[in-house]
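Worth saying up front: this structure is predicted, and the values here are computed from it rather than measured. Ligands are counted one by one from 1 in listed order, and the atoms in each one are counted from 1 as well.
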Amino acid sequence: MSEPAGGRMSRALVLKRFGELPRLVERPVPDRPPGHTLIRVRAAQVGHLDLNVVEGRFGILPDLPSVPGTEAAGVVVESDVHPEGLPVRFRGGGAGLKRDGGWAEHTVVRDSAVVPVPEGIDPALACCFFSPAGTAQLAVHSVAAVRPGERVAVTGAAGAVGTLAVQLAARAGAEVVGVVGRESKLPHVPASAKAILASELAESSVDPFDAVIDTVGGPVLTAMLGQVRGGGRVALVGYTAGRDFRADLADFLLADVSLLPVNLIRRGEEVAEDAARLLTELSAGELTLPIERYPAERLAEAAERLRTGEAIGKVALYFDDRASED
Ligand SMILES: NC(=O)c1ccc[n+]([C@@H]2O[C@H](COP(=O)([O-])OP(=O)(O)OC[C@H]3O[C@@H](n4cnc5c(N)ncnc54)[C@H](OP(=O)(O)O)[C@@H]3O)[C@@H](O)[C@H]2O)c1
């Protein structure tokens with residue numbers, strides 16, 4: 001059934017001022033320019049990148065007012081290239097950065113940013129998997145190049161990227177230690193890793209690691225560098241615990257540990273095929289990625305869970321009650 005777009009009203013989270021959370025408002029369903037697809041959003045990710053945009057603390061920012069949301073999933077309402085009703089996700093094409101994104105019931109996205117999703121995939125998983133799956137794949141295989149038998153630590157091991165990095169490193173044959181910052185997270189580290197508290201790492205009984213996947217940054221990165229054997233690698237994914245990093249260069253040279261950046265924005269294409277395979281495995285339950293789900297009205301709670309590091313896995317908003325239960 002065709003869903004008429006023109007003249008209809010639709011809900012959107014509109015950002016009016018950087019530093020304040022967007023407000024849920026009614027607005028007309030947006031018009032679709034040529035080369036774009038109109039999507040009815042079923043679930044949208046709340047990611048650290050989105051919060052940085054809301055705060056006005058990212059290198060690419062929209063003119064305001066604007067609708068944030070860099071990744072979302074839903075169904076095609078109107079498009080020149082995709083059939084109506086097709087389940088899709090989107091990421092890129094400036095969505096949620098330079099132009100309106102997915103924190104809306106209806107949004108218009110460049111055709112090139114729209115990717116079909118297999119039928120039957122939970123929309124929250126469809127909108128959330130790519131960044132953690134692609135990043136974990138890149139970090140474990142391309143950047144840290146984890147090999148069988150190695151000892152690997154993953155920090156933020158109950159977080160979104162961390163959860164998947166633990167599982168992929170274990171599959172690669174590594175002995176994995178999942179490091180978390182607070183006790184409440186210990187039960188949420190995937191079973192394929194030994195879960196420990198960051199504070200326990202300081203104990204001399206912990207053997208050095210061959211590689212570290214650090215999703216936390218700040219002082220955690222500094223501490224982890226000291227836990228790696230000479231010639232080992234640290235793949236740096238994120239900086240939730242702080243953007244600053246200082247090193248004593250003499251110690252750094254003596255330690256001979258490679259500090260390697262992981263950059264999904266630049267290398268997303270490289271892992272797109274692997275990420276699609278990981279989506280199938282996630283959907284089948286062969287891999288796990290917890291997702292906290294909130295209705296759009298509860299954005300403030302969702303954002304707070306993510307910002308404070310309390311969230312377990314990913315955080316998603318839904319505009320459609322069916323997406324709360326998938
Ligand atoms: N480089 C890339 O291409 C790339 C791609 C995707 C994501 N990222 C970045 O990678 C990082 C992790 O992403 P994610 O989706 O896995 O995030 P996440 O699920 O929130 O996990 C990050 C972990 O950081 C710790 N944390 C969070 N907030 C904190 C705070 N305020 N203070 C101290 N620790 C805090 C928490 O671990 P504990 O509670 O265990 O300490 C949390 O589980 C983010 O910075 C994200 O922007 C980078």
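Taking every heavy atom of Ser131 and a limit of under 4.0 angstrom, the matching atoms of ligand 1 come to 6 (C). Listed by atom number, the atoms of ligand 1 under 4.0 Å from Asn263 heavy atoms are 3 (O). The Val262 neighbourhood of ligand 1 comprises atoms 1 (N), 2 (C), 3 (O), with distances under 4.0 Å to a heavy atom of that residue. Every atom of ligand 1 with a heavy atom of Val180 under 4.0 Å away is listed here by number and element: 40 (O). Against a heavy-atom cut-off of under 4.0 Å, Arg307 is close to the following atoms of ligand 1: 28 (N), 31 (N). Near Gly313, meaning under 4.0 Å from any of its heavy atoms, are these atoms of ligand 1: 19 (O).
No donor-acceptor contact under 3.5 angstrom links the side chains of Arg27 and His106, judged on distance only. For the 3.5 Å distance criterion, the side chains of Thr37 and Asp111 qualify, holding a donor opposite an acceptor.
Looking at Leu264 next to ligand 1, an N or O pair under 3.5 Å apart turns up. On a distance-only criterion, Val161 and ligand 1 share at least one N/O pair closer than 3.5 Å. At least one N or O atom of Ala160, backbone or side chain, sits closer than 3.5 Å to an N or O atom of ligand 1. At under 3.5 Å, not a single nitrogen or oxygen of Ala241, backbone or side chain, sits near a nitrogen or oxygen of ligand 1.
Connection of Val154 to Leu278 is established within a shared hydrophobic cluster, with ILVMFWY side chains joined at heavy-atom distances below 4.5 Å, either directly or through further cluster members. Hydrophobic clustering, with ILVMFWY side chains joined whenever heavy atoms are under 4.5 angstrom apart, keeps Leu287 apart from Ile312.
Using a distance-only test at 3.5 Å, with no hydrogens or angles considered, a donor-acceptor pair links the side chain of Thr280 to the main chain of Ala276. Distance alone, capped at 3.5 Å, is enough to place a donor-acceptor pair between the Glu105 side chain and the Arg11 backbone.
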Discussion item. Checking Gln167 against Ser192 for the side-chain contact (heavy atoms from CB on, under 4.5 Å) test, could you report, in this order, the C-alpha distance in whole Å, the side-chain angles of both residues, the deciding distance, and whether it holds?
Written reply: CA-CA 6 Å; Gln167 294 169 80; Ser192 46; 4.2 Å; yes
Practice prompt. With side-chain contact (heavy atoms from CB on, under 4.5 Å) as the test, would you mind laying out the steps for Arg307 and Glu55 before giving the verdict?
Written response: CA-CA 11 Å; Arg307 196 176 276 136; Glu55 287 295 321; 3.5 Å; yes
Worksheet item: For Asp50 and Thr70, what are the C-alpha separation, side-chain angles and deciding distance, and is it a side-chain hydrogen bond (donor to acceptor under 3.5 Å, both in side chains)?
Response: CA-CA 7 Å; Asp50 301 311; Thr70 50; 2.8 Å; yes
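Atom 5 (C) of ligand 1 has Thr135 OG1, 3.1 Å as its closest protein atom, hydrogens excluded (heavy atom only). Protein heavy atom in closest approach to atom 18 (P) of ligand 1: His48 NE2, 3.5 Å. Protein heavy atom nearest atom 48 (C) of ligand 1, with residue, atom name and distance: Val237 O, 3.0 Å. Lys185 NZ, 3.3 Å is the protein heavy atom nearest to atom 43 (O) of ligand 1. Nearest protein neighbour of atom 28 (N) of ligand 1, counting heavy atoms only, is Gly309 CA, 3.3 Å. Here the protein heavy atom with the shortest distance to atom 40 (O) of ligand 1 is Gly181 N, 2.7 Å. Regarding atom 11 (C) of ligand 1, its nearest protein heavy-atom neighbour is Thr215 O, 3.5 Å. Ranking the protein heavy atoms by distance from atom 45 (O) of ligand 1 puts Tyr239 N, 3.3 Å first.
In plain terms, the two heavy atoms of Tyr294 and Ala302 that are nearest each other are CD1-CB, 3.5 Å.
Scanning Leu236, Thr240, Thr163 for the heavy atom closest to atom 22 (C) of ligand 1 points to Thr240.
Put simply, the side chain of Val262 reaches to within 4.5 Å of the side chain of Thr135, judged on heavy atoms. Contact of the Val234 side chain with the Met224 side chain is not registered, since no non-hydrogen atoms from C-beta on lie closer than 4.5 Å.
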